[in-house]
Visitor: 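There's a structure below that I have some questions on.
Each chain gets a letter, A, B and so on, in the order its sequence line appears, and its residues count up from 1.
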Amino acid sequence: MIRETPEEAPYELIIEAGRSSKEYWRDLWRYRELFYFLSWRDILVRYKQTVIGIGWALIRPLLTMIVFTIVFGSIAKLPSEGIPYPIWVFSGLLPWQLFSTSLSECSNSLINNSNLLSKVYFPRLIVPASAVVVCFIDFLIAIAIFLGLMIFYNFIPSWKIIFLPPLTALTCFASLGAGLWLAALNVKYRDFRYVVPFIVQLGLYISPIGFSSNVVPEQWRLLYSINPIVGVIDGFRWAITGSEANIYLPGFALSLLFSSIVTYTGLLYFRAVEKTLADFI
Amino acid sequence: MSQPIITVENLGKSYLIRHQQRDRYLSLRDELVKAVRTSWYGLRYPDKRQRQTTHEEFWALKNISFDIKAGERIGVVGRNGAGKSTLLKILSRITEPSLGRIGIRGRVASLLEVGTGFHPELTGRENIFLNGAILGMERSEILRKFSEIVEFSEVEKFLDTPVKHYSSGMYVRLAFAVAAHLEPEILIVDEVLAVGDASFQKKCIGKMRDVASGEGRTILFVSHNMTAISALCPRSIYLKNGQILLDSRTADVVTYYQTENCSQISSQVDLTNAKRTGSGKVQFTSVTIKPVDVQKDGELTLYSGEDIEITVSLLSKIDIAGVNIALIIYDYSGYRLIDVNNALKGFFIEFKESKRKDIVFKLISPLLKSGSYLLGLWAGKGGTETIDQVEYACSFTINKRHNETVHVEEFPGTYCCEFLVKESS
């Protein structure tokens with residue numbers, strides 16, 4: 001036992017096996033500047049030594065949108081409820097891009113920063129969280145494209161657009177939750193490095209981006225909503241286009257519930273393995 | 001302040017070594033296969049289940065206990081794999097211990113590597129901020145010390161150049177400059193002085209000493225560089241195989257560390273099984289160190305400033321002429337203080353096959369301070385060919401006469417001199 005006689009000042013910090021520090025959340029706050037600097041570093045470095053630089057953040061969603069418009073709109077002729085197809089696609093693409101890039105950046109974040117993890121202490125949660133921030137910046141750029149697109153098509157969004165910020169927060173939240181799981185697992189099992197791109201690729205097809213979730217038969221719709229991103233994409237589309245048909249409340253609630261569970265357990269798991277990450281990385 | 005700033009009690013850290021696992025990454029498939037195999041094996045042979053264990057527990061640290069008072073500078077020495085880095089990693093909360101407890105009063109900053117988190121694409125200026133934040137500095141703090149950091153690093157001109165274009169020296173200087181301006185109560189440093197040129201290293205040690213003595217900071221310093229440890233830390237801990245072997249004054253610890261593999265002089269040291277290099281045509285068989293004037297009672301104590309006689313015995317396997325024998329005396333931090341050989345006097349030695357020869361070296365009043373020294377032996381021919389070399393043959397201690405022990409405090413250095421006071425009008 002550590003002697004703590006009354007006249008001695010108590011220890012500010014006690015390190016012990018399995019002891020989860022009460023200081024953790026305070027530490028997280030104390031290291032908020034590191035969080036800021038890590039995000040800032042990733043943003044600065046992201047497009048360094050590329051010719052078109054930040055242009056990549058514009059080109060990627062734009063090209064995806066064009067491809068989707070051609071494939072789903074012009075060739076497959078899927079319905080878009082009277083809304084210009086590019087806008088229709090883009091309103092689904094926005095949350096999807098945010099979700100998928102955050103997820104993959106998050107899950108690789110610990111490994112990419114392994115030199116930090118093995119040499120310095122800080123609350124590890126900062127690393128995946130700052131990865132999400134970087135993707136959020138790309139998202140803002142994509143929003144700018146979207147505004148241009150709306151002007152081009154002379155499209156006025158409904159008042160429901162005010163729900164966009166909470167929906168965006170929800171997307172970040174869901175991707176962080178899943179990202180925490182994957183990031184922590186990735187350190188121990190490098191398999192997840194291959195799993196994540198696969199999830200992202202598959203997700204692009206099973207999520208209602210190029211098509212409306214209305215094409216899913218009614219009896220399967222609830223099951224379909226287990227995919228946490230379905231609720232978010234429907235929500236985005238509902239907020240932007242204002243069409244009532246898109247939102248399916250039981251499904252949205254299920255998506256919400258599911259992503260809450262994933263995030264909560266992700267956080268628990270991350271906290272549990274965090275202290276020994278340096279031994280595995 | 002008498003209460004310890006760090007208390008370590010019974011600290012232990014174990015790692016599981018996987019014998020089957022060849023690569024460092026675990027894969028999920030392996031885990032699954034193993035789980036299935038283990039349970040299948042367990043079902044079939046319930047009583048033999050333990051045979052399946054492929055893990056071995058390895059204790060990187062065990063039963064480590066010590067106290068550090070505020071303002072102390074502690075060196076940690078030990079060979080590779082002794083657990084030094086593990087200890088620092090636990091103290092700086094990078095990984096958690098398996099056993100035991102550590103109590104800390106104050107902010108800890110660890111410097112386990114120079115330039116942790118430096119990004120090659122960012123400029124020097126940007127990296128100062130990034131690295132500062134990683135080491136736990138606040139932005140206001142970095143801003144306040146910015147010019148000081150830049151001045152210390154001597155890279156003003158290249159502040160807006162990406163660090164990937166820096167020379168490695170500049171890189172390290174910048175990195176150390178940031179770290180040196182940290183203001184934690186406790187600073188943990190690992191081997192970072194092994195970088196940079198000699199003058200910069202000196203500057204770093206100076207800075208660290210200023211930091212510790214001037215501002216009352218506690219420093220834990222790991223290094224293989226005994227000179228740096230001796231210069232910086234009054235107290236040291238010697239780790240071996242994960243345990244504390246010695247926790248004492250640095251001079252004692254360093255001597256112990258250096259001489260652990262060679263025997264303390266008694267009268268004669270047998271060298272037939274010593275660690276050696278060279279062709280081996282002629283070999284050192286033993287060495288004897290004694291004062292020239294052996295006391296009446298046969299006491300073999302060596303005193304500062306008195307003549308020393310060192311006798312080396314050699315046995316030759318062949319007929320050989322023109323052999324040069326050298327004696328090298330090192331101080332405990334490994335500095336070569338004395339290097340004498342018979343060729344200096346234009347004198348060479350001839351050996352006959354299977355014949356033994358003794359060579360006697362007389363060191364006339366070597367003014368070595370009291371302390372421990374190491375003796376190395378070398379036999380060669382023509383200055384380039386090494387016939388036999390025993391790098392650390394033995395150690396010996398120089399004592400001081402009782403009438404010289406007026407001043408008790410030891411200062412670093414190895415030489416002492418005679419004094420004469422001249423009165424002038």
Visitor: To the nearest 0.5 angstrom, please state how far the CZ atom of A/F122 sits from the CD1 atom of B/I94.
Guide: 9.5 Å

Visitor: Distance from B/I104 atom CD1 to A/I15 atom CD1, nearest 0.5 Å?
Guide: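 Between atom CD1 of B/I104 and atom CD1 of A/I15 there are 4.0 Å.
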
Visitor: Chain B heavy atoms under 4.5 Å from A/R124: which part of the residue, side chain, backbone, both or neither?
Guide: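 The answer is the side chain of A/R124.
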
Visitor: Given a strict heavy-atom distance threshold of 4.5 Å, which part of A/Y36 is in contact with chain B: side chain, backbone, both, or neither?
Guide: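 A/Y36 touches chain B through side-chain heavy atoms alone.
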
Visitor: Distance check, rounded to the nearest 0.5 Å: A/L116 atom CG versus B/L130 atom CG?
Guide: 7.5 Å

Visitor: Just give me the residue among A/L44, A/I126, A/T276 that pairs up with chain B most often, heavy atom to heavy atom, under 4.5 Å.
Guide: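 Looking at each of A/L44, A/I126, A/T276 in turn, A/L44 comes out on top.
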
Visitor: Check whether any side-chain N or O of A/E33 sits under 3.5 Å from a backbone N or O of B/R139 as a donor-acceptor pair, and report yes or no.
Guide: yes

Visitor: For the CG atom on B/N241, are there more than 12 heavy atoms of other groups (residues, nucleotides or ligands in this structure) within a distance under 6.0 Å?
Guide: no

Visitor: Can you name the nearest heavy-atom pair linking A/A278 to B/T95, along with the distance?
Guide: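 Here A/A278 and B/T95 meet closest at CB-CB, 4.5 Å.
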
Visitor: Working to the nearest 0.5 angstrom, can you tell me the gap between B/D190 CG and A/K119 NZ?
Guide: 7.0 Å

Visitor: Quick one: CD on B/E9 to CD1 on A/I14, what's the gap to the nearest 0.5 Å?
Guide: 10.0 Å

Visitor: Looking at CD of B/E126 and CZ of A/F37, how far apart are the two atoms once the value is rounded to the nearest 0.5 Å?
Guide: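 Those atoms lie 10.5 Å apart.
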
